[in-house]
Participant: 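This is the structure I have questions about; it appears just below.
Excluded from the calculations below are hydrogen atoms, water molecules and symmetry mates; all remaining heavy atoms, backbone and side chain alike, are included. Labels below follow one simple rule: chain letters A, B, ... track the order of the sequence lines, proteins then strands, and each chain is numbered from 1.
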There are 2 protein chains.
Amino acid sequence: MSPKIGLVICSQRNPRVGPQIADFVHETITQAFPTTDLSLIDLAVWNLPLCNEPGIPSQIKSPDQYTHSHTQAWSREIAAHDAFIFVTPQYNWGYPASVKNALDYLYHEWTGKPALIVSYGGHGGGKAAAQLRQVLQGLRMTPVERMVLLAFPDRDVLMKGAEGGDLGLTGEGTFWAREKEDITAAFGELQRVINNV
Amino acid sequence: MSPKIGLVICSQRNPRVGPQIADFVHETITQAFPTTDLSLIDLAVWNLPLCNEPGIPSQIKSPDQYTHSHTQAWSREIAAHDAFIFVTPQYNWGYPASVKNALDYLYHEWTGKPALIVSYGGHGGGKAAAQLRQVLQGLRMTPVERMVLLAFPDRDVLMKGAEGGDLGLTGEGTFWAREKEDITAAFGELQRVINNV
């Protein structure tokens, strides 16, 4: 059976460009690897409150030890996946609060699982990606070394993205044609890590 | 007039040890610098939702351009302070979502202002402090170079802190006696930065 991979949309802003970019990543991967079992995990749909669990996640071994039903559901969702791709914007040189909040809710559900980071921003979001990679290591995940940085080609596109406008990423002729190769290569690396875990 | 300095309690967990540690920092500073104008900003009291402003903070120049009243109030609070001390825990090698969320709500209210980071954790929270310092630079703040790391002396104290128990930090004889000197020295550096801005 194919490993079940969760494609996490880390942005929760409204408007936002995160779903468009996640779809672009999804389409790129399934074109190159048609049998991949890739499912979207949209943090805006989960809309978890700022963590309100009284317990310490690393001390909790079973979902029924969580106090809140939203935490139990989130625990089951993450436990059901074998690996993750985080599609994250960069805000002020760091990761968004939304993805850190979602990560910090749990612990054992994440540990040992491979992960790939795809970041986007004016310069590709490399600072957010590096910080997020460190957090995944703190959670004892196995992030692949290679990361994908999607840089907006100019300020107009950056602002259009920030306003949730259509960036024309589907189909041929996107400005990220070369980045499609990066995504494919990085996903190949994720698959190798998955096979070695 | 003394500069108005906000002492930000970055943790929002419940239970939490953040207020005890902020009180320890507050007491240490006011003992050494009695005329300091230091006021608590408790993120748990503010309890901002995950950022739900439609606008891009860096494009907003006036508080009345924010959509939500909680953002307008938060903008006025931050605009009213000249400098900040962030008292932050480390979660999974990074900063808590709560402080990143509070920072990302605004932009011009933060820029140019000096800041000091005091972190705490099993090993002092240095990874979270370094990540947070990068975010403050992303916001064009002026973080002082020196940071204060408060390490819990052993696992029992760490767990007691995580459960919000009394760490006995007030008065004499605390296990962080040497760290009081660190806080005083770092605050002196913050004052020098404030005087040079």
Participant: Name the region of Leu136(B), side chain, backbone, both or neither, that has any atom closer than 4.5 Å to a heavy atom of chain A.
Facilitator: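 Leu136(B) has no heavy atom closer than 4.5 Å to chain A.
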Participant: Which answer fits Asn14(A), side chain, backbone, both or neither, if we ask what part of it has an atom under 4.5 Å from a heavy atom of chain B?
Facilitator: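 Only the backbone of Asn14(A) comes within 4.5 Å of chain B.
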Participant: Which atom names give the shortest non-hydrogen contact between Gly94(B) and Val135(A), and what distance separates them?
Facilitator: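 Taking Gly94(B) first and Val135(A) second, the nearest heavy atoms are CA-CG2, 4.1 Å.
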Participant: Same cluster or not: are Ile9(B) and Val25(B) linked, directly or through other Ile, Leu, Val, Met, Phe, Trp or Tyr residues, by side-chain heavy atoms under 4.5 angstrom apart?
Facilitator: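 Yes; Val25(B) is reachable from Ile9(B) via cluster members.
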Participant: Looking at CG of Leu48(B) and CG of Leu50(A), how far apart are the two atoms once the value is rounded to the nearest 0.5 Å?
Facilitator: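 Nearest 0.5 Å value for the CG-CG distance: 8.5 Å.
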Participant: Determine, using the 4.5 Å side-chain heavy-atom cutoff (strictly less than), whether Tyr105(B) and Phe84(B) are members of one ILVMFWY cluster.
Facilitator: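 Yes.
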Participant: Answer yes if Ile117(B) and Leu150(B) sit in the same cluster of Ile, Leu, Val, Met, Phe, Trp and Tyr residues linked by side chain heavy atoms under 4.5 Å apart, and no otherwise.
Facilitator: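 No, it is not one cluster - the side chains of Ile117(B) and Leu150(B) are not joined through contacts under 4.5 Å.
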Participant: Among the clusters formed by ILVMFWY side chains lying less than 4.5 Å apart, do Leu149(B) and Phe152(B) turn up in the same one?
Facilitator: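 Leu149(B) and Phe152(B): separate clusters.
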Participant: Which atom pair, heavy atoms only, marks the closest approach of Ala97(B) to Asp104(A)?
Facilitator: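 Shortest heavy-atom contact: N-OD2, 4.5 Å.
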Participant: To the closest 0.5 Å, what do you measure between CG (Leu158(B)) and CD1 (Ile56(A))?
Facilitator: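 Leu158(B) CG to Ile56(A) CD1: 7.5 Å, rounded to 0.5 Å.
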Participant: Sort Glu53(A) into side chain, backbone, both or neither according to what part of it lies under 4.5 angstrom from a heavy atom of chain B.
Facilitator: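 Interface part for Glu53(A): backbone (N, CA, C, O).
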Participant: Do Leu132(B) and Val8(B) sit in the same hydrophobic cluster, where Ile, Leu, Val, Met, Phe, Trp and Tyr count as joined when their side-chain heavy atoms come under 4.5 Å apart?
Facilitator: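 Yes, it is one cluster - the side chains of Leu132(B) and Val8(B) are joined through contacts under 4.5 Å.
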Participant: Measure from the ring center of Tyr95(A) to the ring center of Tyr95(B) and say whether it is less than 6.0 Å.
Facilitator: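 Ring centroids of Tyr95(A) and Tyr95(B) are less than 6.0 Å from each other.
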Participant: For residues Pro54(A) and Pro15(B), report the shortest heavy-atom separation together with the two atoms involved.
Facilitator: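 Minimum heavy-atom separation between Pro54(A) and Pro15(B): O-CD, 3.6 Å.
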Participant: Check each atom of Arg140(A) against the heavy atoms of chain B and say whether the ones under 4.5 Å are side chain, backbone, both or neither.
Facilitator: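 Only the side chain of Arg140(A) comes within 4.5 Å of chain B.
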Participant: Which is it for Val99(A) and Lys100(B) under the side-chain contact (heavy atoms from CB on, under 4.5 Å) test, yes or no, and what are the steps along the way?
Facilitator: CA-CA 11 Å; Val99(A) 65; Lys100(B) 187 57 162 43; over 6 Å; no
Participant: Roughly how far apart are Lys127(A) NZ and Gln134(B) CD, rounded to 0.5 Å?
Facilitator: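 It comes to 6.0 Å.
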Participant: Quick one: does Asn92(A)'s side chain get under 4.5 Å of Tyr107(B)'s, heavy atoms only?
Facilitator: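 Touching, per the 4.5 Å side-chain cut-off.
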